[in-house]
Amino acid sequence: MPSSRELLLELQQIVDRPIRIMVVCGTHNRAILRYDLRNRLPQNLELVSGPGCTVCVMPSGHIDVVVKIARQPDVITATCEDLLQVKGTRESLASVRQKGAQVEVISSPRECLAIAEANPDKIIVYPAVGFEATAPGIAEVILEAASRGVDNFCVIPSIRLLPPTLDSLLADPHLNIDGLLCSDHINSLSDTEAYTGLAKKHHLACCIAGFEQEDILRCLLNMVGQIKSGVAQVDNLSTVVYSSEEYVKAKQMVTEVFFAVDTIWRGLGIIEESGFVIRDELSLYDATKRFNVRLPDEEIHCQCICGMIMSGLGLPPDCPDFGKGCTTGHPIGPCMLSSEGICASYYKYTLENSHPV
Ligand code: SF4
């Protein structure tokens with residue numbers, strides 16, 4: 001296997017024109033900064049950020065709903081750690097936990113069923129914040145709860161779908177993107193045909209890669225090769241491979257539980273059919289129905305330019321607050337608050353400390 005030095009040298013040799021790649025996933029953005037790749041890539045190869053940070057794209061009104069439900073006396077909220085500190089208009093799950101709300105950090109939605117069975121007098125609420133790749137796992141837990149008769153468990157459906165959002169962003173001629181660097185996080189067991197459709201429609205080179213620097217560099221080389229030869233397709237260089245049975249099963253479960261509706265993204269507005277809600281037949285497992293609350297479809301505006309950055313139209317240093325009013329210790333916007341946020345990654349690896357490899 002060629003080393004990162006050799007891969008970088010090869011890239012220097014083959015990039016002979018300006019090329020713009022969107023790094024869709026927050027974890028990839030973080031890895032690229034950690035390995036200082038932005039400073040080591042050919043000058044003509046520009047990397048811009050995409051909307052692939054689940055916490056960053058969640059509107060503050062949705063956090064308000066999560067917090068409102070968490071404050072109910074008979075509720076245990078089971079959440080991923082990343083969502084804990086995210087503030088709505090006033091409160092976060094962490095702040096209401098300090099005031100007595102029962103909030104537990106879990107690493108998988110599956111854990112909700114054990115918590116539900118151990119606490120039959122409580123309702124376990126799982127805020128389902130994630131992209132399409134998380135949908136099969138959540139659908140599976142809902143179906144299992146239904147088949148086992150676990151009725152004190154429900155989900156706040158806040159799953160967002162990247163393909164329609166990327167489609168909407170890529171329609172902007174100013175963006176001028178040549179390729180999408182995708183990760184397993186956003187593509188595993190999801191609708192891979194959607195990415196193939198995007199590649200064809202916008203004439204994009206797409207490549208799926210892991211998070212080591214060699215993985216990313218191989219993927220960039222693949223995309224540059226596609227672009228130079230006029231190819232527009234999705235290549236998977238990831239070592240994570242699923243069988244066709246797993247894809248079929250995942251798709252079946254997702255279709256049985258969810259359907260897509262127009263959904264609001266923080267900083268990006270409402271995007272057609274870009275979010276999942278739970279089907280009426282399974283409304284017992286839908287926390288918005290159970291608690292009679294609505295996920296708002298309007299945004300509360302603030303000075304933060306996260307939306308612009310997540311659309312590939314800027315980078316954190318373009319924000320006047322970056323590293324001044326807004327730091328990881330005092331975040332203004334979600335891109336600084338989430339560990340997967342591009343501003344937090346930029347802050348950590350370019351201001352707080354640097355890790356040249
Ligand atoms: S630096 Fe802070 S205020 Fe500026 S875009 Fe990022 S999160 Fe928003």
Side-chain angles (χ1 to χ4, degrees), residues 20-34 36-39 46-64 66-67 80-95 129-131 158 160 162 165-166 168-169 172 174-175 177 181 185-186 264-271 296 298-355:
R20 254 183 139 215
I21 303 286
M22 176 176 272
V23 182
V24 180
C25 173
T27 314
H28 264 153
N29 271 313
R30 196 172 178 80
I32 285 164
L33 284 155
R34 179 155 67 96
D36 197 28
L37 290 182
R38 282 181 180 274
N39 292 322
E46 187 187 357
L47 303 182
V48 300
S49 177
C53 162
T54 48
V55 167
C56 305
V57 298
M58 215 178 155
S60 49
H62 287 209
I63 302 290
D64 288 343
V66 172
V67 165
C80 66
E81 187 156 20
D82 222 17
L83 194 59
L84 206 58
Q85 303 292 341
V86 184
K87 215 167 142 194
T89 45
R90 287 203 185 144
E91 302 268 25
S92 63
L93 282 175
S95 67
V129 176
F131 293 120
S158 205
R160 282 169 171 71
L162 277 162
T165 301
L166 290 168
S168 155
L169 295 178
D172 179 352
H174 297 109
L175 200 53
I177 295 292
L181 173 60
H185 283 182
I186 59 171
I264 188 159
W265 293 54
R266 189 168 188 157
L268 307 179
I270 293 176
I271 296 167
E298 61 282 334
E299 262 199 283
I300 296 141
H301 291 285
C302 72
Q303 80 240 44
C304 177
I305 62 161
C306 277
M308 227 179 90
I309 294 170
M310 289 187 295
S311 309
L313 295 169
L315 286 170
D318 299 326
C319 173
D321 287 313
F322 176 69
K324 298 177 188 117
C326 187
T327 64
T328 47
H330 297 279
I332 290 178
C335 290
M336 187 63 90
L337 199 146
S338 166
S339 61
E340 293 287 297
I342 179 80
C343 295
S345 298
Y346 248 89
Y347 184 77
K348 182 173 169 65
Y349 293 112
T350 67
L351 292 187
E352 207 171 57
N353 48 34
S354 64
H355 296 256

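Just so you know, ligand 1 is whichever comes first in the structure, and atom 1 is the first atom listed for that ligand. Keep in mind that what you see is a predicted model, and the values were worked out from it rather than measured.
Every side chain to side chain donor-acceptor pair (under 3.5 Å) that Asp82 has, sequence neighbours left out, goes to Ser338, Ser339. For Asp318, the side chain to side chain donor-acceptor pair (under 3.5 Å) test picks out no residue, with sequence neighbours left out. For Arg20, the salt bridge (charged side-chain N to carboxylate O under 4.0 Å, His left out) test picks out Glu46, with sequence neighbours left out.
Proximity of a side-chain donor or acceptor of Arg30 to a complementary backbone N or O of Cys25 within less than 3.5 Å is not detected. Counting only distance, with no hydrogens or angles, the side chain of Thr327 and the backbone of Gly323 share no donor-acceptor pair below 3.5 Å.
Residues with a heavy atom under 4.0 Å from ligand 1: Cys304, Ile305, Cys306, Ile309, Cys319, Phe322, Cys326, Ile332, Gly333, Met336, Cys343.
Residues Cys304 and Pro334 approach most closely at SG-CD, 4.4 Å, considering heavy atoms.
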